[in-house]
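Because only heavy atoms are used, hydrogens play no part in the values below, and waters and symmetry mates are left out as well, while side chains stay in. In what follows, chains are A, B, ... by sequence order, proteins preceding strands, each numbered from 1. Predicted, not measured: the structure shown is a model, and the values here were computed from it.
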Number of protein chains: 2
Amino acid sequence: MQTSTTEDYLKAIFKLSGPSKEGVSTNAIAEELSTKASSVSDMVKKLADKGLVNYIKYQGTTLSKEGEQIALHVIRKHRLWEVFLVEKLKFGWDEIHEIAEQLEHIKSAKLIDKLDEHLGYPKNDPHGDPIPNKKGEFHTLKKYKLNDLSIGEKSILIGVSEDSKDFLRYLDSIDLKLGSSIEILDFFQFDKSLKVLVNQKTERTFSELVAKNLNVSKEK
Amino acid sequence: MQTSTTEDYLKAIFKLSGPSKEGVSTNAIAEELSTKASSVSDMVKKLADKGLVNYIKYQGTTLSKEGEQIALHVIRKHRLWEVFLVEKLKFGWDEIHEIAEQLEHIKSAKLIDKLDEHLGYPKNDPHGDPIPNKKGEFHTLKKYKLNDLSIGEKSILIGVSEDSKDFLRYLDSIDLKLGSSIEILDFFQFDKSLKVLVNQKTERTFSELVAKNLNVSKEK
DNA sequence: AAACAAATTTAGACTTGTCTAAATACCGTG
DNA sequence: CACGGTATTTAGACAAGTCTAAATTTGTTT
């Protein structure tokens, strides 16, 4: 069983190695975790001893298969808790990260299963990022900004870019939430605003600024 | 800000000092926390330095006002999370303690406020123990076993003594949960069973064994 | 009051993770 | 290819909390 520090390191390395799984520099990890390079140097050595990372002196660090599984599992927990905080406890999308950073370290597989079920098996967190399943698999469904779509296209809201209090309150007020459907009805070149159909029932007009901040996936 | 170890010590001391607030022995704390007396001895000294406990060598430890506030706050968090686990995630009442032990250390006042609200401001945890309010105050409403009541009395279910899986599943199946009302309609001496009215609508018969395991408070 | 057992404290060591300061390796430029 | 600067690692120290083993205190019993 890992300490929460171990989990933080693995998560940081996962994040930094990106889709191409490049080796991550000691300094980058230090930066990400707000710690010193010397501490990281010590720590990755220990993680390597435990088989969680591959580490070659002066050359950077990558996750082992096992380390990656753990990282993905922590990310799963983090994102599920974020959904909980927004959907159930009505937190603003800008307040949740810090709390989820703590909740992600709670140890109980059953808790996460039940939470997942309670939330209706969400596929994305409130920022639109995909939630890995139990096995650590996830589908990066392609993320678009609403104003990249064409007239007639249907989409699902999967997150926001800008998550200021005000913006979130606005979304709330028009009953737009994660999973809501948005269909593009019309586009007005003169101010780049959009006429849309929300949840298959309400017509609205979105300014360019609003549309730009809505992350959606194309439906079907 | 306290570490979670500090919170565990304060909670243990609170629990052990009981209603009369007696001094707690080093050995008792060690036992409660599954640690060694020497560790406790070290630790209470540090807690005393921080003003969280009053400690006199060889004489035992009591909580300071501040230490008690912290302990009560941790207990509040623990019990609210227990309610969440049972009411929202449908955990059995026997599985929640261990998970709540972790959740109670999450730091965010706002989280607890929102959780409290989400749960409908419960007054008791699933075991029937009172949940302190934000200020650390709580009302110990008197706890009875259902079979201590007399015919005609009305009560509210506040917890169970025996929390085996089977028993909990049984309660679930008859829609009996925390806060449910139970009125005593009749008592049968020959087998000590009770006829009751659950939630003001369903008549049921409880065996003595069942009745004995239901903790209730008298209504009004 | 002396002696003994139990409870408690002290001393010294260990683990995890962190830091600063110093040493070393790597790499691009001239 | 040597130089200098940056990245990285090493060395040594520290804080929190724990442990074992030894020393001390307490309190009970005679």
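Across D:dT18, D:dT8, C:dT9, the shortest atom-to-atom separation from the side chain of A:Ser25 is found for D:dT8. Side-chain proximity of B:Tyr58 to the nucleotides C:dC19, D:dT25, C:dT18 is greatest for D:dT25. The nucleotide whose nearest atom lies closest to any side-chain atom of A:Ser41 is, among C:dT16, D:dG17, D:dT9, D:dT9. For B:Thr3, whose side chain is taken as the heavy atoms from C-beta onward, the closest listed nucleotide among D:dA16, D:dT9, C:dT18 is D:dA16.
Residue A:Arg76 is tested with A:Asp125, A:Asp116, A:Asn133 for a side-chain hydrogen bond (donor to acceptor under 3.5 Å, both in side chains); the sole match is A:Asp116.
In this structure, B:Lys114 satisfies the cation-pi test against A:Phe91, with its NZ or CZ atom closer than 6.0 Å to the six-membered ring centre and inside 45 degrees of the ring normal.
Rounded to an integer number of Å, the gap from CG of B:Asp42 to C1' of C:dA11 is 10 Å. In this structure, B:Leu47 places its CG atom 12 Å from P of D:dA16, rounding to the nearest Å. Separating the NZ atom of B:Lys36 from the C1' atom of D:dA21 is a distance of 12 Å, rounded to the nearest angstrom. Computed from coordinates, the A:Lys57 NZ to C:dC26 C1' distance equals 14 Å when rounded to whole Å. Taking atom CG of B:Leu33 as the reference point, atom P of D:dA16 lies 18 Å away to the nearest angstrom. Separating the NZ atom of A:Lys45 from the P atom of D:dT8 is a distance of 13 Å, rounded to the nearest angstrom. Rounded to whole angstrom, the span from the CD atom of B:Gln2 across to the P atom of D:dA16 amounts to 14 Å. Regarding B:Ile56, its CD1 atom lies at a distance of 22 Å from the P atom of D:dT24, rounded to whole Å.
With hydrogens and angles left out, the side chain of A:Thr5 and the base of C:dT16 share no donor-acceptor pair within 3.5 Å.
Along DNA chain C, the nucleotide nearest B:Val40 and the nucleotide nearest A:Ser39 are compared for position; the residue whose nucleotide lies closer to the 5' end is B:Val40. Nucleotides of DNA chain C nearest to B:Ala28 and A:Met43 differ in position, and the one nearer the 5' end is that of B:Ala28.
Among the atoms of the strands shown, only primed sugar atoms or phosphate atoms (P, OP1, OP2) are found under 4.0 Å from some heavy atom of B:Thr26.
Not one side-chain nitrogen or oxygen of A:Tyr55 sits closer than 4.0 Å to the OP1 or OP2 atom of D:dT8. When the side-chain nitrogen and oxygen atoms of A:Asn27 are compared with OP1 and OP2 of D:dT8, one or more of them lie within a distance under 4.0 Å. Under 4.0 angstrom from either OP1 or OP2 of C:dT16 there lies no side-chain N or O belonging to A:Tyr9. Not one side-chain nitrogen or oxygen of A:Ser38 sits closer than 4.0 Å to the OP1 or OP2 atom of D:dT10.
Note that CG of A:Leu146 is 9.5 Å distant from CG of A:Asn215, once rounded to the nearest 0.5 Å.
For B:Asn54 and B:Thr62, the side-chain atoms include at least one donor-acceptor pair closer than 3.5 Å.
In this structure a side-chain-to-backbone donor-acceptor pair under 3.5 Å is present from B:Ser155 to B:Ile182.
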